[in-house]
Amino acid sequence: MSRFEASHVGSEEHPTIADISECLFFSPGDGRIWLQDQRMVLLHTEALGSLRRELIDSLGQESARGLFTRAGYVSGARDAQLVRKHWPDAEPAAAAMAGTRLHALEGLVKVELVHVRYDPETSDYEGEFIWHHSIEDDEHIAAYGIGGSPACWMQVGYATGYVSTLFGRLVVFREVACRSMGESQCRVIGKSAERWDDVEEDMRYLRARDFVGASQYSGVGGAEPWAAALPTPPRKNDAMVGASSAFNAACHLLHRVAPTTATVLFTGESGVGKEKFASMLHSIGPRRDKPFVAVNCAAIPETLIESELFGVERGAYTGAGAARPGRFERAHGGTLFLDEIGTLSYAAQGKLLRTLQEGEVERVGGTRSIQVDTRVVAATNVDLRQAVREGKFRDDLFFRLNVFPIHLPPLRERRDDVPLLMSHFLQHYGRKHGRKVTGFTQSAVKALLNYDYPGNIRELQNLIERAVIVAPEGALLDVHHLFTSGETLDKNVLSVRPDGHLAGGDGVLLPRSVSTGQAMADRVGSGSLGQVEETLIRRALEQCGGNLSAAARVLGVTRPQLAYRARKHGCR
């Protein structure tokens, strides 16, 4: 099937409305409700309406809209993960329509399909839907009457999160007609992001903080007095991207501490974006027009750390032919970012502590103290509390740095952000390397959404850049374009060794049987993934006389999985 239209949906082997309904479990004895393995909650519509009114009246309509859009996005992304997990071999059409059923099951709206189309050859999506009985409209109209803008914010976020997570690329939904605007029904259109003229306005509601201009600092009491004088920061291709609750929580903390001079300590695994957050902290604060100086403490030899941080006077040691300011002086008035601070020697920690306490430095070989006004931001991927207990890190320095800690979770704990990051990096590296790439195959989406990312965002970034370079011009990125350096994938996805051979998993139908399946796999060789899968299916069916159940047992998969893949390859 090269593409699907809405009329092609439906198969006993894929999620039906009965399947979806059977996922909902009530456990009143212990006060819990489950949608498969995700905990849910029943909430009075009046309570939701009251919360909505208070947020709008307290924060303003724009901020409240962003909150509800992001909440909807997370809900949609989680439902897409549920469908992928429990119906891993559902056709794209059935998986897409399962979202409309879940949306209705959760009591938010009745969804009527007008048209939907997805082309896996180009990863292009377009859909149009009518929403009936929207709870958001009911509550908004009751509180504010008919207005001039759409009000189904959470549902738009849900649709964007569900479809983007399902297909692994940014699909933006817009409400083009709404009952809150006096229309008889709500109508929404979703398209792949690049098919819209401009999605910046849509993305603004998905970001916890827009980080553009000073208006973000205006709260209930008005803007900060210094904010109006700040220039607008330039847009960057590698800007912070995310919509998960973990990412938004970190952004809110960043916004909270940015106007102050407090020391900030970023913690988290390598590759989670600590330097990106530190740079953004500087760019949205009052010191933004002053220097931002970053130093990797692990990259400086212990013998040079003092001169690098505090500077050196002429003649202080052999080779010091001229006086040179240190990083603290160069960052005067601005921000000094100390990355991997946990690698500093005990002696260097003591010298750093004195500078932080006194606000002055003394150059190596100097005789006078130099006052510095530098905001210090530090980052570490080690547990500093444990290092203190082990005597490897000074407790007084730790407490001096730990004024305002912000923990950045690993990417495996913020999987809701993966589709947005995939789309962002695909576009960024396509432009950077001058390559035309259209998207990801479904097997690549499955692999990327299930991968554990030991290298976090940096690893995802590298995987996609590599794939953009390797993939043929105009093609979709596939698993064998992404995972070529010995990465170990989850058992439910395909792993590819550096030599190009398959290395286990269920991304294609690899035999589980040692006696018959291994011999079959040996005869197949190492062709393209699609060819390998098709050959395995044909030979299994031949061996079993066309009996699907027997062939499925040979291949170690379920009969519906084999039936779907056989139909996909035209083997029946």
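Only this structure's heavy atoms are used, side chains among them; waters, hydrogens and symmetry mates stay out.
Under the 3.5 Å distance criterion, the side-chain polar atoms of S283 are matched with a main-chain donor or acceptor of M280. Under a 3.5 Å cut-off, the side chain of S423 and the backbone N or O of P419 do not form any donor-acceptor pair. Side chain of E136 to backbone of Q155: a donor-acceptor contact under 3.5 angstrom is found. Between the side chain of K274 and the backbone N or O of G268 there is at least one donor-acceptor pair closer than 3.5 Å. With R70 contributing its side chain and N248 its backbone, the two residues share no donor-acceptor pair below 3.5 Å. Of the possible polar contacts, none joining the D452 side chain to the P454 backbone as a donor-acceptor pair under 3.5 Å is found. Proximity of a side-chain donor or acceptor of T260 to a complementary backbone N or O of V257 within less than 3.5 Å is detected. Side chain of N456 to backbone of S270: a donor-acceptor contact under 3.5 angstrom is found. Judged by distance alone, with hydrogens and angles left aside, the side-chain atoms of Y162 form a donor-acceptor pair with the main-chain N or O of G99 at under 3.5 Å.
Smallest separation of non-hydrogen atoms from A151 and E175: N-OE1, 3.8 Å. A pairwise comparison of heavy atoms in L401 and A378 identifies CD2-CB, 4.2 Å as the closest pair. For the pair V418 and L448, the tightest heavy-atom approach, listed with the atom from each and the gap, is CG1-O, 4.0 Å. Among all heavy-atom pairs drawn from P409 and V272, the shortest one is O-CG1, 3.7 Å. Closest approach of S245 to V74, counting heavy atoms only: N-CG2, 4.1 Å. The two residues T165 and Q81 make their nearest non-hydrogen contact at CG2-CG, 4.2 Å.
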Q.
side chain to side chain contact (heavy atoms under 4.5 Å, CB included) for D373 and R287? Distances and angles first, verdict last.
A. CA-CA 11 Å; D373 175 21; R287 295 171 178 254; 2.9 Å; yes
Q: Give the C-alpha distance, both sets of side-chain angles, the deciding distance and a yes or no for side-chain hydrogen bond (donor to acceptor under 3.5 Å, both in side chains) between T441 and D478.
A: CA-CA 5 Å; T441 65; D478 209 341; 2.9 Å; yes
(Q) Under the criterion side chain to side chain contact (heavy atoms under 4.5 Å, CB included), I'd like the reasoning laid out for Y451 against L463: C-alpha separation, chi angles, the key distance, then a yes or no. (A) CA-CA 11 Å; Y451 186 52; L463 289 173; 4.2 Å; yes
Q: Verify side chain to side chain contact (heavy atoms under 4.5 Å, CB included) between W196 and D202, making sure each step is shown before the conclusion.
A: CA-CA 10 Å; W196 294 106; D202 308 272; 5.7 Å; no
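Side-chain contact between L352 and I341 is present, with at least one heavy-atom pair separated by less than 4.5 Å. H433 places a side-chain heavy atom less than 4.5 Å from the side chain of E465. Inter-residue side-chain proximity for L449 and R415 is flagged as unmet; no heavy-atom pair is nearer than 4.5 Å.
Counting heavy atoms of neighbouring residues, nucleotides and ligands inside a 6.0 Å radius, atom CZ of R256 does not exceed 12 of them. Crowding of E358 atom CD: a count of heavy atoms from other residues, nucleotides or ligands under 6.0 Å exceeding 12. Heavy atoms of other residues, nucleotides or ligands lying less than 6.0 angstrom from NZ of K191 number more than 12.
Considering only residues two or more places apart in sequence or on other chains, R385 meets the side chain to side chain donor-acceptor pair (under 3.5 Å) condition with none of them.
Tested against Y429 for a side-chain contact (heavy atoms from CB on, under 4.5 Å), the candidates R466, R435, Q461 yield a single pass: Q461.
Residue pairs meeting the ring-ring contact (aromatic ring centres under 6.0 Å, His included) criterion with at least one member in residues 290-314, sequence neighbours excluded, are H282-F292, F310-F328.
Side-chain atoms of Q357 and R354 form no donor-acceptor pair, as typed in the model, at a separation below 3.5 Å. Residues D417 and S244 bring a donor and an acceptor atom of their side chains to less than 3.5 Å of each other. With 3.5 Å as the limit, one finds a donor-acceptor pair spanning the side chains of Q61 and S149. Donor-acceptor pairing under 3.5 Å is lacking for the side chains of D396 and Q349. The closest side-chain donor-acceptor pair between E390 and Q386 falls under 3.5 angstrom.
The distance from atom CG of L384 to atom CZ of R389, rounded to the nearest 0.5 Å, is 11.0 Å.
Using bins of under 30°, 30° to 60° and over 60° for the plane-to-plane angle, the ring pair F167/Y125 lands in the tilted bin. Below 30°, between 30° and 60°, or above 60°: for H424 and H428 the angle between ring planes is below 30°, a parallel geometry.
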